[in-house]
Participant: 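Right, I'll just put the structure down here and ask away after.
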Amino acid sequence: MPEHTYIYMSQKKVTTDSGIEIKEVYTSSSTSDRNEDGLPGEFPYTRGIQSDMYRGKLWTMRQYAGFSTAEESNKRYKYLLANGTTGLSVAFDLPTQIGYDSDHAMSEGEVGKVGVAIDTLRDIEILFDGITLQDISTSMTINSTASTLLAFYIALAKKQGADIKKISGTIQNDILKEYAARGTYIYPPKQSMRLITDIFEYCSNEVPKWNTISISGYHIREAGSTAVQEIAFTLSNAKAYAKAAIEKGLDINVFGQRLSFFFNAHNNLFEEVAKFRAARRMWAKMSKELGATNPKAQMLRFHTQTGGCTLLAQQADNNIARVTLQGLAAVLGGTQSLHTNGFDEAMSLPTENAARIALRTQQIIGYESGVVDTVDPLAGSFFVEQLTDEVEAAAWKYIEHIDSMGGAVNAIEQGYMQKEIGASSYQYQKEIENGEKVIVGLNKFTSNEQVNPTLLKVDDSIRKVQMDKISQVKSDRDNNKVNLILSKLEQDAKDGTNVMPRIIEAVEDYATLGEVADVFRKVFGEYKS
């Protein structure tokens, strides 16, 4: 038989979603010396922050949940715990996120819609009814009102008889990304930073196992950033928080141990893995430059959520495959906890069935796939190692530019991050619309099939339920005592005293979330972009 020579001619340049060119073939000459990465559990932690990673313990399997009233969300939490969830993750409605009680005019039409409505300590008591806080790790996605939600949680833990030095969990508490990408801010940046460092200081002394911030790239990515921008902007924000805490006199070797990060996971599997590995290495170097000598203050610990903006209403069952790929990327990249989205979340809050499938997806990855059997299983891949280096190099360029602007706060105030995210989002959408980027079921392999999915809907009538609760709380409490405590909180806010002890005192006497937020509105003002 005649011999044949096959010549492959690439028709176009292939890139990752961040625009990094992908070579046709990678060899040992493609990668740099890997000796600097060491072993898992060793600086700079490229290969993971624990020496045994998932052989010792699987990641925390969380399901982000919260909707309607505290009573309804409590039922969902108990359902998830019964089905194997190992940590709770609370979603709050928009009024709660921006400091309005359910009876405020601004809350109309939004109560309980994108999360659970929380107005007072009584709601938190109902939300965690039958759940012992000292026995569970709870993550709360809350930013502008993080101090108050943490105060609610601490107050309930104390009522349950818990040792608050032993309760564990995370508040997101990442206000900078709100200005850059999401929009649920209340106060000006510098005043918001003050509240965050007050939380750092209080928790370092009183709640040492609590993660005081989850520095979030997730929402930056949801707003349209690339993977490179996601870690660059997130780490720049982290540097700003660390510097603010250091300027307050806090020790990075103490508060640095309680910093955590929150990243997105999208469909480009290898770029996502490289992103997580690069982020760990970058933060190790960055924190060391900021003065961290304690290894635990140099480790980047992160939670991952699969990409909400990647989910489609069209052919929604395909989202199960997308979420599986994204969850796998997070695990291969060494995540410490993971939330997998429900396949129906492009249309509504997840139904119980969708939430169960999402959790089972994590469990199948953890118990059936074999990817947990060895640490950093993609290490040594010519492609992955080179891509990790290139993602890191591209991210450093952004960080150096932000540093030249005076840091993340200045970059946000000047609109730099917002413009970069907007430009990337626009480019991505253009590629979808011209067919350059294939999205299965949207611009290729489409179907005319009519689907009528079962959706979870929240009725507007629950606002009346919440208003009645608030009215009852105010009639039961000592209003004179509450007003006196709020006056003292106002003075603490004015004179620079740490506000956390006073917020806890206020909510223990059933001050509302809106009342606490209004004190800060009065002292700090509101931010207008």
Side-chain angles (χ1 to χ4, degrees), residues 16-18 40 45-50 53-64 84-87 89 137 139 141 170 172 211 214-222 225-228 230-231 234 260-283 299-311 319-343 345 357-379 381 384 387-388 391:
T16 68
D17 289 343
S18 295
Y45 311 106
T46 312
R47 303 195 59 196
I49 61 171
Q50 289 114 8
M53 286 301 289
Y54 306 131
R55 286 172 69 107
K57 180 184 177 183
L58 291 183
W59 62 93
T60 301
M61 297 183 186
R62 299 189 189 276
Q63 287 305 113
Y64 185 48
T85 289
T86 53
S89 186
S137 170
S139 174
T141 303
T170 304
Q172 192 163 101
N211 297 321
S214 178
I215 306 158
S216 176
Y218 183 85
H219 305 93
I220 290 170
R221 192 69 178 279
E222 289 292 287
S225 82
T226 66
V228 166
E230 179 188 354
I231 60 169
T234 303
S260 66
F261 292 78
F262 175 23
F263 292 122
N264 212 314
H266 277 214
N267 294 329
N268 194 317
L269 183 107
F270 293 109
E271 182 175 44
E272 295 301 299
V273 173
K275 177 189 77 178
F276 298 131
R277 298 174 88 247
R280 259 195 307 272
R281 188 159 71 201
M282 293 172 73
W283 178 245
M299 294 177 182
L300 185 147
R301 297 168 297 115
F302 69 99
H303 169 70
T304 309
Q305 181 173 339
T306 55
C309 67
T310 69
L311 303 182
N319 293 330
I320 297 173
R322 293 185 176 99
V323 168
T324 303
L325 274 174
Q326 294 162 9
L328 181 61
V331 171
L332 290 171
T335 194
Q336 276 59 68
S337 72
L338 176 62
H339 163 85
T340 35
N341 289 329
F343 70 87
E345 288 190 52
I357 291 171
L359 177 59
R360 294 289 182 256
T361 299
Q362 291 200 50
Q363 292 165 337
I364 290 168
I365 293 171
Y367 294 100
E368 296 187 27
S369 71
V371 298
V372 302
D373 294 342
T374 189
V375 181
D376 194 17
L378 294 183
S381 158
V384 170
L387 192 53
T388 300
V391 167

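Note that the coordinates shown come from a computational prediction; the quantities given were computed from them, not determined experimentally. When reading the values below, keep in mind they use all heavy atoms of this one structure, side chains included, and skip hydrogens, waters and symmetry mates.
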Participant: Side chains of Q326 and T340 only: does a donor on one sit below 3.5 Å from an acceptor on the other?
Facilitator: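 Their side chains do not contain a donor-acceptor pair, so the 3.5 Å distance test is not met.
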Participant: I want to check something: taking the side chain as every heavy atom from C-beta on, are L359 and Q363 in contact at a cut-off of under 4.5 Å?
Facilitator: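 Contact flag for L359/Q363 side chains = yes.
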Participant: Would you say E222's side chain and G308's backbone share a donor-acceptor pair under 3.5 angstrom?
Facilitator: yes
Participant: At what distance, to the nearest 0.5 angstrom, does CG of L338 lie from OG of S89?
Facilitator: 11.0 Å
Participant: Between N319 and L311, is there a donor-acceptor pair closer than 3.5 Å when you use the side chain of the first and the backbone of the second?
Facilitator: no
Participant: Mind checking side-chain hydrogen bond (donor to acceptor under 3.5 Å, both in side chains) for T234 and listing every partner two or more places apart, or none if nothing turns up?
Facilitator: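 For T234, no residue satisfies side-chain hydrogen bond (donor to acceptor under 3.5 Å, both in side chains) once neighbours in sequence are set aside.
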Participant: Could you tell me whether the side chain of Q336 and the main chain of G334 form a donor-acceptor pair under 3.5 Å?
Facilitator: yes
Participant: Applying side-chain hydrogen bond (donor to acceptor under 3.5 Å, both in side chains), can you list everything that pairs with W59, at least two apart in sequence or on another chain?
Facilitator: Q362
Participant: Is there a side-chain contact between R280 and I49, using heavy atoms and a 4.5 Å cut-off?
Facilitator: yes
Participant: How about T60 and S337: does a side-chain donor come under 3.5 Å of a side-chain acceptor?
Facilitator: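 Not at all, the side chains of T60 and S337 share no donor-acceptor pair under 3.5 Å.
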Participant: Could you tell me which residues satisfy salt bridge (charged side-chain N to carboxylate O under 4.0 Å, His left out) with E272, sequence neighbours excluded, listed by chain and number?
Facilitator: R221, K275
Participant: Report the residues that fulfil side chain to side chain contact (heavy atoms under 4.5 Å, CB included) with A278, sequence neighbours left out, ordered by chain and then residue number.
Facilitator: I231, T388, V391, E392
Participant: Going by side chain to side chain contact (heavy atoms under 4.5 Å, CB included), name the residues that satisfy it together with S214, two or more places apart in sequence or in a different chain.
Facilitator: T170, Q172, S260, F262
Participant: Among all residues two or more places apart in sequence or in another chain, which pass the side chain to side chain contact (heavy atoms under 4.5 Å, CB included) test with I320?
Facilitator: T324, F343, I357
Participant: Who are the ring pair (Phe, Tyr, Trp, His ring centres under 6.0 Å) partners of F302, not counting sequence neighbours?
Facilitator: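 Expected list: F263, F276.
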Participant: Cut-off 3.5 Å, side chains only: do E271 and S18 have a donor facing an acceptor?
Facilitator: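 A donor-acceptor contact under 3.5 Å links the two side chains.
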Participant: Taking the ring of W283 and the ring of Y45, is the distance between their centroids below 6.0 Å?
Facilitator: no
Participant: Applying side-chain hydrogen bond (donor to acceptor under 3.5 Å, both in side chains), name anything that partners S225, two or more places apart in sequence or on another chain.
Facilitator: none
Participant: Give a yes or no answer on whether the side chain of R55 reaches the backbone of D373 with a donor-acceptor pair at less than 3.5 Å.
Facilitator: yes
Participant: Keeping the roles fixed (side chain from E368, backbone from I365), state whether a donor-acceptor pair exists under 3.5 Å.
Facilitator: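 It does not hold such a pair.
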Participant: Could you tell me whether R360 atom CZ has more than 12 heavy atoms of other residues or ligands within 6.0 Å of it?
Facilitator: yes
Participant: Apply side-chain hydrogen bond (donor to acceptor under 3.5 Å, both in side chains) to D376 and list each qualifying residue two or more places apart in sequence or on a separate chain.
Facilitator: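 For D376, the residues satisfying side-chain hydrogen bond (donor to acceptor under 3.5 Å, both in side chains) (neighbours in sequence not counted) are R47, R277.
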Participant: For V375, enumerate each residue passing the side chain to side chain contact (heavy atoms under 4.5 Å, CB included) test, keeping only those at least two apart in sequence or located in another chain.
Facilitator: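 For V375, the residues satisfying side chain to side chain contact (heavy atoms under 4.5 Å, CB included) (neighbours in sequence not counted) are P40, M53.
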Participant: Quick check: does any side chain N or O of S381 sit under 3.5 Å from a backbone N or O of V384, one acting as donor and the other as acceptor?
Facilitator: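 Yes, S381 side chain to V384 backbone: donor-acceptor pair under 3.5 Å.
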Participant: Any luck finding a side-chain donor-acceptor pair between T306 and N341 under 3.5 Å?
Facilitator: yes
